[in-house]
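See structure below.
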Protein chains: 2
Amino acid sequence: MSQPGESLRDRKKRRTRAALERATVRLAAERGYDHVTVEEIAAEADVSVRTFFNYFASKDEALIGADPEAGPRMAERILAAPDDVTPFQAYRDSILAEITDELNNARDLWLLRKDVLMQRPDLLVRAFANSAEYEQLLASAVGQRAGLPESHLYPRLLVAAGSAAFRCAVTRWALDDSVALGDVVGDALDLFGTGLAHVPHHHEGGTS
Amino acid sequence: MSQPGESLRDRKKRRTRAALERATVRLAAERGYDHVTVEEIAAEADVSVRTFFNYFASKDEALIGADPEAGPRMAERILAAPDDVTPFQAYRDSILAEITDELNNARDLWLLRKDVLMQRPDLLVRAFANSAEYEQLLASAVGQRAGLPESHLYPRLLVAAGSAAFRCAVTRWALDDSVALGDVVGDALDLFGTGLAHVPHHHEGGTS
DNA sequence: CTGCAAAGTTGCACTCACTGCAAAACTATC
DNA sequence: GATAGTTTTGCAGTGAGTGCAACTTTGCAG
């Protein structure tokens, strides 16, 4: 939880950010996303409204609370993968790593978010819209590994497939969480991997 | 252009809607999306601000101007396809049909949108967020044809792949429009069809 | 043509997300 | 404990978006 070389300042910042994220999710789950104002969230987290916007560019962003370093981290991971790993596998691994990490740190928040996102599925799409800049970063990493020219569709498409997989997995998981979210995302990515041209067979507990 | 059984009222509505869409795209391309206010758009189209919001729920929506009947139309088309057509093919055809239609009616607008979307790629993502409700509709249609239970990932994933394909295709087409947008979308969908596990070969004018 | 009902338009008042700026509070460092 | 760098905050303002009630236009029937 608390890093070694972390100053008081950094610790406070992390705490405030986390408090705002928690407050947003908690209140939204309780009262419904658009019956909660930023003012209330800020009050709940004991900071001013202005400070809320120092941490998050929008209410949407605070609800999802995406780690701004996740994008760069994934890109690095993709580039660092061994040579015999395909770009697809590298990207798949980087996604699953982030997700398991996230769930280990904040599983409870995702259980609350689930309810909010079931009411407002568009918020999940918007969350990815906010990080549209990072898509470019990831696409470059994939493209580099794949040895494809900047103009090729494949990298962009693979990255977009990742968002789509995550999004669909959450929606699906929200309806029935008997399979862990990470596993559903994995299944979704595998479907993208083998192709959607043909309808997959419908077998029960398909975790892998 | 003008339908047969269309009253004066309906004609006026269509004209107003089109005028608002045009004004939004034109001004956004000219000055940049967020240096244009709804007030200016409404003025350009000779209606009140309030009327703007009678036609579009948000500025985003007006920029993309997605036909609200496109979703239902596609769903119908999917269900109406012959039995020997796979859900994938049926969905692919329904997308391409809409796109060719749209480009035939408003190619000029897309040339302007291109510039706006290059500056603000997130707007394209947001556009799909707005029509997140229709995703459910399309997923049901796909699921029905595929004979899969409501809970299965495949329909949702296929539909999301469609959005992703369109989105990536537009981004790619914005950088280099030597290949028609419809063809790029087709290529993207084919990649999803055959699977992303392996990097595709890079051949030049791949229209089909 | 007239008058009535339905649909569309508008203005108004309001809420709320979000931004820039400058002052105040706080933390780190020497 | 003074000083420099960061973070927090208040304030004033912009602009998106909504509900409501009045007003205008269109459709239609007598």
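Each chain gets a letter, A, B and so on, in the order the sequences are listed, and its residues count up from 1. Excluded from the calculations below are hydrogen atoms, water molecules and symmetry mates; all remaining heavy atoms, backbone and side chain alike, are included.
At D:dT26, one or more side-chain N or O atoms of B:Lys12 fall inside 4.0 Å of OP1 or OP2 (strictly under the cut-off). Between A:Thr51 and D:dT8 there is no side-chain N or O to OP1 or OP2 distance below 4.0 Å.
Within 4.0 Å of B:Phe56, counting heavy atoms only, lies no atom of the nucleic acid at all. Residue contacts shown for A:Tyr55 are limited to sugar-phosphate atoms, with no base heavy atom under 4.0 Å away. Residue A:Val47 is in sugar-phosphate contact alone, with no base atom involved, counting any heavy-atom pair closer than 4.0 Å across all strands shown.
Between the P atom of D:dC11 and the CZ atom of A:Phe53 lies a distance of 17 Å, rounded to the nearest Å. The CG-P distance, from B:Asp34 to C:dC18, rounds to 13 Å in whole Å. The CZ-C1' distance, from B:Phe52 to D:dG15, rounds to 12 Å in whole Å. Taking atom CZ of residue A:Arg17 and atom C1' of nucleotide D:dT8, one finds them 16 Å apart after rounding to whole Å. Here the P atom of nucleotide C:dA17 and the CD atom of A:Glu39 are 9 Å apart, to the nearest Å. Atom CZ in B:Arg15 sits roughly 13 Å away from atom P in C:dT9 (whole-Å rounding).
In the set C:dG8, D:dG17, C:dC16, the nucleotide with an atom closest to the side chain of B:Ser58 is D:dG17. Closest contact between the side chain of B:Arg50 and the listed nucleotides C:dA17, C:dT10, D:dG17 involves C:dT10. Checking D:dA16, C:dG8, C:dC26 against the side-chain heavy atoms of B:Thr37 singles out D:dA16 as nearest. Each of C:dT10, D:dT26, C:dG8 was ranked by its minimum atom distance to the side chain of B:Lys13; first place goes to C:dG8. You'll find that the side chain of A:Thr16 is closest to D:dT8, out of D:dT8, C:dA17, C:dC26.
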Kindly determine whether B:Ile99 and B:Ile95 satisfy side chain to side chain contact (heavy atoms under 4.5 Å, CB included), including the steps that lead there. CA-CA 6 Å; B:Ile99 291 182; B:Ile95 291 182; 3.8 Å; yes

Please enumerate all protein N or O atoms sitting under 3.5 Å from an N or O of nucleotides 28-30 of chain C, with distances to 0.1 Å.
{"residue": "C:dA28", "atom": "OP1", "partner": "A:Leu8", "partner atom": "N", "Å": "3.0"}
{"residue": "C:dA28", "atom": "OP1", "partner": "A:Arg9", "partner atom": "N", "Å": "3.0"}

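Using cut-offs of 30° and 60° for the angle between ring planes, the A:Phe128 and A:Phe166 rings count as perpendicular. The aromatic rings of B:Tyr154 and B:His152 sit perpendicular, their planes meeting at an angle over 60°, well past the 30° parallel limit.
You'll find the side chain of A:Leu137 reaches within 4.5 Å of the side chain of A:Pro72, heavy atoms only. The closest side-chain heavy-atom distance from B:Glu44 to B:Arg22 is not below 4.5 Å.
In this structure, A:Lys59 is positioned above the aromatic face of A:Tyr33, its NZ or CZ under 6.0 Å from the six-membered ring centre and within 45° of the axis.
For D:dA16, the paired nucleotide is C:dT15, the pair qualifying as Watson-Crick or G-U wobble because both relevant distances are below 3.5 Å.
Salt bridge status for B:Arg17 with B:Glu21: absent, with no side-chain N to carboxylate O gap under 4.0 Å.
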